Asker: 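Below is a structure I'd like to ask you about.
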Number of protein chains: 2
Amino acid sequence: MTPRSAQQNAMIKDETREQILSGALRVFSHRGYAATRVSDIAKACGLSHGLLYYYFQSKDEIFTELVRRAVESSSNALLMAEAIPAPAFQKIEWITREVLSNVMTDADSAYYFLIMTQTSVTDVLPDKIQAIMKQSSVPFDVMLRIVAEGQIQDSVVAGDVQQLVTAYWSAIQGIAIYRIAFKDNFQMPDADILLRMLRAV
Amino acid sequence: MTPRSAQQNAMIKDETREQILSGALRVFSHRGYAATRVSDIAKACGLSHGLLYYYFQSKDEIFTELVRRAVESSSNALLMAEAIPAPAFQKIEWITREVLSNVMTDADSAYYFLIMTQTSVTDVLPDKIQAIMKQSSVPFDVMLRIVAEGQIQDSVVAGDVQQLVTAYWSAIQGIAIYRIAFKDNFQMPDADILLRMLRAV
DNA sequence: GTCTATAATTTGATAGAC
DNA sequence: GTCTATCAAATTATAGAC
């Protein structure tokens, strides 16, 4: 048997790392940070308890990486939508359909939503995570700007912008959670139902 | 000092029991079932660790009682609204304003929502609780009936009833969670914003 | 009724064999 | 790279003093 090259080793290491993060996402999202045991994660990704500590320094570090990715990806998605050269309401439509479609077809997408929700509610979390969570308002802030823009363009209904976005974004998050809770019995609402909250009459 | 009467003792016992449940609701809702330590609850209600076991047989039993109350109160509220002798959309309006008002002014109300959400998502829970949770679809089912009634009366927009209620109820739950996450920075959306999802045009 | 002390388990994390 | 064995700390639940 020829020895593995350094490159091959690096690839294996990378894959296993992702494998751990994937299993951890599933477990953390369903049980929350504190309730998740390291051995639960190990079992979920079919690896030994000890091996996780070869890839990550602690349970904290695994969770932190997941929260970091959740914040990063949702922020990027919203900032990208904002940059689309189109009328405000078209941006809102695009975001809504994109998010709902992701939540429906990609389980991880819904899990990331759930992790963010849990993290925002829980009072006991490592400091590092608290710091990352402070950037978690980016998606909400982007929505505030787009909705305000839509009101100027008369495509979004009049009313308090903060209230409109709170209702809209709460619904998005609520749907992601419902999708996980109901599993196969879940029926995804059409984007138009949500858009009625914002669309000008 | 005169000895306490049996009646006085019973009152104290009842009050302390409620005190425990009140503290437990706050802690469980913020940390989830498994992450909540019995000593956390004891600290939250200013009682000793051991005393909780005088009132409840286990951590399970405390949580079970809270879930039972959450299911019961939300079911009762919705069933009561359904029984109001009024057009369907007026029932929906009443429910929406009532729930949002409660979530805003009564912290416990929002905590109950959060417990229900967590419980519906988590995969590892005592069997007893799983059984209670099966009744948790009552509010959703009531909404299904009222919305269908509203469509017949042409006061609710056309469309798949399941989808409409999923969007509406997800938004309600999402708002309750957001209210807890944002605390004093939260601005409650006006009920009309949510009602636009359902109102006929 | 309420507390403190403690027993039995379980957990996060480490060490060392392969 | 991956596993098993093990430690120190924390947790649920109980026992017994007041």
Side-chain angles (χ1 to χ4, degrees), chain A residues 1-24 27-28 30-66 122 124-129, chain B residues 1-24 27-28 30-66 122 124-129:
Chain A
M1 188 134 80
T2 53
R4 287 197 292 261
S5 71
Q7 198 184 0
Q8 278 175 319
N9 267 334
M11 265 183 65
I12 289 175
K13 199 170 171 183
D14 232 48
E15 269 174 32
T16 307
R17 203 184 140 90
E18 290 305 314
Q19 188 182 348
I20 292 171
L21 286 170
S22 169
V27 182
F28 274 127
H30 281 80
R31 309 189 183 181
Y33 170 73
T36 298
R37 311 302 166 196
V38 176
S39 51
D40 293 335
I41 303 175
K43 200 184 293 173
C45 50
L47 298 173
S48 76
H49 179 134
L51 189 58
L52 269 62
Y53 285 91
Y54 175 78
Y55 285 93
F56 295 91
Q57 284 199 348
S58 64
K59 188 175 100 166
D60 268 36
E61 206 187 272
I62 302 177
F63 190 68
T64 305
E65 172 62 12
L66 288 174
T122 302
V124 278
L125 276 179
D127 294 345
K128 225 183 199 171
I129 295 174
Chain B
M1 190 130 86
T2 53
R4 288 197 293 262
S5 71
Q7 199 186 359
Q8 278 176 319
N9 266 336
M11 265 184 66
I12 288 176
K13 199 170 171 183
D14 232 47
E15 269 175 32
T16 307
R17 204 185 139 89
E18 289 305 315
Q19 187 182 346
I20 291 170
L21 286 170
S22 169
V27 182
F28 273 127
H30 281 81
R31 309 189 184 182
Y33 170 73
T36 298
R37 311 302 167 197
V38 176
S39 51
D40 293 335
I41 303 175
K43 201 184 291 172
C45 49
L47 298 172
S48 77
H49 179 136
L51 188 57
L52 270 62
Y53 284 92
Y54 175 78
Y55 284 92
F56 296 90
Q57 285 198 349
S58 65
K59 188 175 101 165
D60 268 36
E61 206 186 271
I62 303 177
F63 191 68
T64 305
E65 171 63 12
L66 289 175
T122 302
V124 278
L125 276 178
D127 294 345
K128 225 184 201 171
I129 295 174

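All figures in this text were calculated on a predicted structure; none of them were measured in a lab. Sequence lines set the chain letters: A, B, ... in the order given, protein chains first and strands last, and positions in each chain run from 1.
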Asker: For A/Tyr33 and C/dT11, give me the distance from atom OH to atom P, rounded to whole Å.
Answerer: 15 Å

Asker: So, using side chain to side chain donor-acceptor pair (under 3.5 Å) as the criterion, who are the partners of A/Glu18 when residues are at least two apart?
Answerer: A/Arg69

Asker: Give me the atom names and distance for the closest heavy-atom approach of A/Ala24 to A/Ile62.
Answerer: CB-CG2, 3.6 Å

Asker: Between atom CZ in A/Arg37 and atom C1' in C/dG12, what is the gap in whole Å?
Answerer: 10 Å

Asker: If I take atom CG in residue A/Leu52 and atom P in nucleotide D/dG1, what distance separates them, rounded to the nearest angstrom?
Answerer: 15 Å

Asker: Would you say a side-chain N or O of B/Tyr53 is under 4.0 Å from OP1 or OP2 of D/dA13?
Answerer: yes

Asker: Find the distance A/Asp40:CG to C/dT10:C1' and express it as a whole number of Å.
Answerer: 12 Å

Asker: Send over the distance from B/Tyr54 OH to D/dC18 C1', rounded to a whole Å.
Answerer: 14 Å

Asker: According to salt bridge (charged side-chain N to carboxylate O under 4.0 Å, His left out), does anything in residues 45-57 of chain A pair up with another residue at least two apart or in another chain? List the pairs.
Answerer: none

Asker: Expressed as a whole number of angstroms, how long is the span from B/Arg17:CZ to C/dT2:P?
Answerer: 14 Å

Asker: Does A/Tyr33 have A/Lys59 sitting over its ring (NZ/CZ under 6.0 Å from centre, angle to axis within 45°)?
Answerer: yes

Asker: Between A/Tyr55 and D/dT2, is there a contact of a side-chain N or O with OP1 or OP2 at under 4.0 Å?
Answerer: yes

Asker: In whole angstrom, give the distance that lies between atom CD1 of A/Ile41 and atom P of C/dA13.
Answerer: 10 Å

Asker: Can you pull the side chain to side chain donor-acceptor pair (under 3.5 Å) pairs that have at least one residue in residues 44-54 of chain B, sequence neighbours excluded?
Answerer: none

Asker: State whether A/Thr16 places a side-chain N or O below 4.0 Å from either non-bridging phosphate oxygen (OP1 or OP2) of D/dT2.
Answerer: yes

Asker: Heavy atoms only: give me the nearest B/Ala35-B/Asp40 pair and the separation to one decimal.
Answerer: O-OD2, 4.1 Å

Asker: Distances under 3.5 Å between protein N/O atoms and the N/O atoms of nucleotides 7-9 of chain C, please, pair by pair.
Answerer:
none

Asker: Below 3.5 Å between N/O atoms, which protein atoms pair up with nucleotides 3-6 of chain C? Just atom names and distances, please.
Answerer:
unit_1, atom_1, unit_2, atom_2, d
C/dC3, OP2, B/Ser48, N, 2.9
C/dC3, OP2, B/Ser48, OG, 3.0

Asker: Can you tell me how far the OH atom of B/Tyr55 sits from the CG atom of B/Leu21, to the nearest 0.5 Å?
Answerer: 11.5 Å

Asker: For A/Arg37, give me all partners under side chain to side chain donor-acceptor pair (under 3.5 Å), at least two apart in sequence or on another chain.
Answerer: none

Asker: Just the rounded figure in Å: distance from C1' of C/dG1 to CD1 of B/Ile20.
Answerer: 11 Å

Asker: Does any non-hydrogen side-chain atom of A/Thr36 lie less than 4.5 Å from one of A/Phe63?
Answerer: no

Asker: Could you check whether A/Phe56 gets within reach of a base, just the sugar-phosphate, or nothing at all, counting any heavy atom under 4.0 Å?
Answerer: nothing

